[in-house]
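Along the sequence shown, residues are numbered consecutively beginning with 1.
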Amino acid sequence: MNKFVCRVFQSSALICVIIFSVVAGAVAGEPTYKQGESIFIETGVEAPDRNPTWYASMVAKPYAPVFEMLATQGTQGRYYPYTYPVTLKDLIRFHGHDCEGTTTAANAAWVAFKILFPDGIIDRSVLSGISGESPCWSDAVAFLTGARLQYGNLGFFKDKQYSHAIILYREDTKVAVLATWKEGINNIPGEPVMLPGRITWKPKVTMKDVEALKAVVKKSGGKPSPYQVDLMRYQQWVHINDILEHPLEESYQAKVIENFKWEDWIDPEKTIAKPHERTDTRLKNYPYRSKPIESPAEGGKP
């Protein structure tokens, strides 16, 4: 059903983000556009794909995230006047398989976006991102933000302790948010949780059991049994579906990074020396013709 995100929605969203940001540490800056005032974006015009499949059963869970994305038309176009929805199912198709890392990164991004975009409209033209080296995390960041290595706005953490986390940065408001899981659903051996939050609910699978099995199955040169391989997959499947039965704020946490500097966080050895200038968004605010039907002679050169 078509709807406008109007001032009423903005007010509710703003209240939510202020409450959330008190916990997160700070309130994000104002966006460069103001929905319902300087721009009119229709959202909710396309139903998100929440039909479960064998590769994305979790997409139907009550708290599986849906992202409303604002993009530009074509490679040299203006902003679309509509958003399109993105679900975990879309992300899994992009990544190539469903894994807990990709879902975890998406869930963390959803919590971060609540701070960065209080009106719920995620502008892919103003975002940069940092993740761990695993494509499970970097694919999620690239897909949701539009950041790319060749543009110099997709980076990898210098400190490997953050490999399970992400940073999303709004270039227009200069606000950076660090987002990650809470202690209690973390299950990567040797990687501490880098923010202080803990879950208050009890997972169906204990993280110690998962970590112990991962240490065997993922160990370089290890020889797990066929049963162990199946069991690890099953535990990951249970784990993700379990998380999405709870509001994401109960399992993930985010914090605004004060005085954020890109170079302080990224690994300089994993960057492109001469990144390309991004041009696909350069005309996003280009003026329109003076009337809907106008000849080239009236409006200038064709």
Side-chain angles (χ1 to χ4, degrees), residues 55-58 61 65 88 91-92 95-112 129-142 154-168 177-246 248-255 257 265-267 269-270:
Y55 59 86
S57 61
M58 79 292 286
K61 292 297 180 179
L88 293 175
L91 181 52
I92 288 165
H95 179 55
H97 61 245
D98 67 307
C99 64
E100 61 181 4
T102 299
T103 299
T104 288
N107 292 347
W110 188 89
V111 173
I130 304 173
S131 76
E133 296 172 6
S134 167
C136 304
W137 268 261
S138 62
D139 278 0
V141 171
L154 178 63
F156 299 102
F157 283 111
K158 181 188 302 182
D159 186 342
K160 305 310 177 189
Q161 292 187 103
Y162 287 91
S163 291
H164 59 276
I166 63 171
I167 287 177
L168 302 183
V177 176
L178 172 68
T180 186
W181 48 22
K182 291 184 177 180
E183 176 132 6
I185 64 164
N186 56 302
N187 58 18
I188 298 180
E191 289 188 14
V193 180
M194 303 306 289
L195 289 176
R198 300 178 63 92
I199 65 169
T200 58
W201 57 278
K202 186 177 180 180
K204 294 177 180 177
V205 180
T206 69
M207 297 305 102
K208 286 186 178 180
D209 290 343
V210 176
E211 285 191 11
L213 186 57
K214 282 184 175 181
V216 174
V217 177
K218 289 190 169 185
K219 184 179 179 181
S220 178
K223 295 181 179 180
S225 69
Y227 173 78
Q228 289 175 317
V229 174
D230 290 341
L231 180 59
M232 190 180 83
R233 164 61 184 171
Y234 176 72
Q235 287 180 344
Q236 292 177 325
W237 177 81
V238 170
H239 181 54
I240 287 301
N241 281 274
D242 193 17
I243 287 171
L244 297 176
E245 292 281 359
H246 302 80
L248 294 183
E249 292 90 346
E250 293 184 8
S251 302
Y252 298 88
Q253 55 190 324
K255 178 183 179 181
I257 303 173
W265 289 86
I266 64 163
D267 185 344
E269 295 184 358
K270 293 181 172 61

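- Between Gln236 and Cys99, the closest side-chain pair of non-hydrogen atoms is not below 4.5 Å.
- When every heavy atom of Asn186 is checked against every heavy atom of Glu211, the shortest pair comes out as O-OE2, 3.8 Å.
- Considering all non-hydrogen atoms of both residues, Leu91 and Asp139 come closest at CD1-O, 4.1 Å.
- Salt-bridge check for Asp98 with Arg233: passed, with a basic side-chain N closer than 4.0 Å to an acidic carboxylate O.
- Counting heavy atoms from C-beta on, the side chains of Gln228 and Val216 come closer than 4.5 Å.
- Partners of Lys270 by salt bridge (charged side-chain N to carboxylate O under 4.0 Å, His left out), not counting sequence neighbours, listed by chain and number: Glu133, Asp267.
- Considering all non-hydrogen atoms of both residues, Ser131 and Ile166 come closest at CB-CG2, 4.3 Å.
- The nearest pair of heavy atoms linking Lys204 to Val238 is CB-CG1, 4.1 Å.
- Side-chain contact between Val141 and Leu154 is present, with heavy atoms from C-beta onward closer than 4.5 Å.
- Two residues are said to be in side-chain contact when any heavy atoms from C-beta on lie closer than 4.5 Å; Tyr162 and Leu178 meet this criterion.
- Between Asn187 and Glu100, the side chains place a donor N or O and an acceptor N or O closer than 3.5 Å (distance only, hydrogens not considered).
- Ring-plane geometry between Trp201 and His246 is classed as parallel, the angle between the planes falling under 30 degrees on a 0 to 90 degree scale with a further cut at 60.
- Annotation: Trp110 is not in aromatic contact with Tyr252 [ring centroid separation under 6.0 Å not met].
- Heavy atoms from other residues, nucleotides or ligands lying under 6.0 Å from OH of Tyr234 number 12 at most.
- Relative ring orientation between His164 and Trp181 is described as parallel, the plane-to-plane angle staying below 30° on a 0-90° scale split at 30° and 60°.
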